[in-house]
Amino acid sequence: MDSFTRNYVDRFMADVIARNPGEAEFHQAVREVVESVAPYITACPHLMDKKVMERIVEPERILIFRVPWTDDRGEVHINRGFRVQCNSALGPYKGGIRFHPSVNLSIMKFLAFEQTFKNSLTTLPMGGAKGGSDFNPRGKSDDEVMRFCQSFMTELFRHIGQDTDVPAGDIGVGGREIGYLFGQYKRLRNEFTGTLTGKGLGWGGSLLRPEATGYGLCYFTEQMLGTRGESFAGKTVLISGAGNVAQYAAQKAMRLGAKVVTLSDSDGFIYDPDGLDEEKMAYVFELKKIYRGRIKEYADKYPGSTYYPGERPWRIPCDIALPCATQNEIRKEDAEKLVAGGCMCVAEGANMPSTPEAIHVFQENGLLYAPGKASNAGGVSTSGLEMTQNSMRQHWTAEEVDSHLRRIMSDIHAACLKYGTNEDGTVNYVRGANTAAFIKVADAMMDQGLV
Ligand code: NDP
Ligand code: 2IT
């Protein structure tokens, strides 16, 4: 990077940090993108003059609201609701809703910012947003979750709509929560529209939306491996998380011939040296969906496996790692363990699971490494396909949806290669994804004037 560009990045980041104090995750996400696209920006005086990147880091709108609800004993609780509408240059705001006690403004802003770039990569017309609450669904009854969702939507409904902002699921928000949110939205608006995605199959949902993030991650990883003449067949795979993304990533990796040996949750991980199979996967689906159980129970059910409380899976030797739990779950020491254990490829199912120091370790050691905004874009892409089906009042077959998903993941991979291939033929997927995504958003913003 030349000194003019270095200076631009330093000044830009100093300004972002001063304007958004204490928002560490947001700073981290912005720095990664700015470091990638600064050479492009400084070579385009019109983008500098019109302050396009300065505008992108200032969300178009941020909503913060009170969410009061009562538990089953009648006790009153107050949570905080968020919706960060980051950028609408490419289409209606689009992005998930997260219910987790760690949710705060920094996390919402980093996710909405990442979503803007991810959605740009999908080739579909979607802007970027994220929302959520510090509500913890763990241990709550269905009725409590329903009352919370209804209260959350009672404020959110006035800010969203099928042509305005289309939320979906994320951590702590799956089919059950989308159902309750949709029911309340429909009641308040007296309209049946496709304003949320991830809906049930009988009422406007798309086939393969639940599977899409995990499946898309594996399709993308196959393409990465293909650049080195490799595939999933015979590879040992570590997966973190045991939720929506982790489950379907495990199922697809396994079906592509890999041996998946770990799953995890925030309490610990299980290691199954024999690998998951269809029967074990069916057990995990039931454990999580029906019983809302913990991954620890897997080790009780399958005695060949071991549960390691309080640990993450990254010290287990592997060929491929697919982090599918949460942000910053792979730190420098974890990345070093992955390298020492023989890992050749890391593709992110979660959003920003690797710290900048961990990414540095991967890149220095020549691993194939893909950032989540490229490799986990299959989920929001299939949400985009759900929106298309809702608009057309049609329902596509699983084969149709899957062929769109494969094409989109392959197009995203091609965009990463186009902008991320180094002179020596290796690929920097971070630079590739960020540059391809930025160009599309920036061009649209230039076309639409100073808004
Ligand atoms: P789920 O709620 O279905 O599952 C989340 C999993 O991650 C759970 O096993 C959970 O464990 C674990 N987890 C959550 N927070 C932490 C934490 N702080 N530390 C350790 N483990 C944690 O969520 P999803 O599978 O939908 O989301 C997982 C990741 O994928 C997130 O980063 C999300 O943003 C990203 N993503 C999701 C998409 C989707 O379509 N759902 C699309 C693209 C990305 P526990 O039960 O203990 O909390
Ligand atoms: O991070 C993500 O891409 C998601 N949680 C999915 C968003 C969506 O609108 O489907």
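In each ligand, atom 1 is the first atom listed, and ligand 1 is the first ligand listed.
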Residue pairs, two or more places apart or on separate chains, that pass salt bridge (Lys or Arg N to Asp or Glu O under 4.0 Å) and touch residues 298-307: none

Provide the closest heavy-atom pair for Thr382 versus Arg209 in the form atom of the first, atom of the second, distance. CG2-CA, 3.8 Å

Test item: Trp314 side-chain N/O and Glu329 main-chain N/O as donor-acceptor pair under 3.5 Å: yes

Identify whether NZ of Lys or CZ of Arg in Lys109 sits under 6.0 Å from the centre of the six-membered ring of Phe26 and within 45° of that ring's axis. yes

Please say which of Phe135, Trp69, Phe99 ends up in a ring pair (Phe, Tyr, Trp, His ring centres under 6.0 Å) with Phe152. Phe99

Can you pull the ring pair (Phe, Tyr, Trp, His ring centres under 6.0 Å) pairs that have at least one residue in residues 253-282, sequence neighbours excluded? Phe269-Tyr308

For the residue pair Lys280 and Tyr302, would you count it as a cation-pi contact if the rule is NZ or CZ under 6.0 angstrom from the ring centre and within 45 degrees of the ring axis? yes

Quick one: table the atom pairs, ligand 2 N or O against protein N or O, below 3.5 Å, distance rounded to 0.1 Å.
residue  : atom   : partner : partner atom : Å
ligand 2 : 1 (O)  : Gln115  : OE1          : 3.3
ligand 2 : 1 (O)  : Lys118  : NZ           : 3.0
ligand 2 : 1 (O)  : Lys130  : NZ           : 2.9
ligand 2 : 1 (O)  : Asn351  : ND2          : 3.0
ligand 2 : 3 (O)  : Gln115  : OE1          : 3.4
ligand 2 : 3 (O)  : Gln115  : NE2          : 3.1
ligand 2 : 3 (O)  : Lys118  : NZ           : 2.7
ligand 2 : 5 (N)  : Lys130  : NZ           : 3.3
ligand 2 : 5 (N)  : Gly169  : O            : 3.0
ligand 2 : 5 (N)  : Asp170  : OD1          : 2.9
ligand 2 : 9 (O)  : Lys94   : NZ           : 2.6
ligand 2 : 10 (O) : Arg209  : NH2          : 3.0
ligand 2 : 10 (O) : Ser383  : OG           : 2.6

Can you list every protein residue that has a heavy atom under 4.0 Å from any atom of ligand 1, sorted by chain and residue number? Arg98, His100, Lys118, Arg138, Asp170, Ile171, Gly172, Arg209, Thr213, Gly241, Ala242, Gly243, Asn244, Val245, Ser264, Asp265, Ser266, Arg294, Cys324, Ala325, Thr326, Gly349, Ala350, Asn351, Asn376

Any donor-acceptor pair under 3.5 Å from Lys259 side chain to Pro273 backbone: yes

What orientation do His413 and Phe220 show, parallel under 30°, tilted 30 to 60°, or perpendicular over 60°? perpendicular

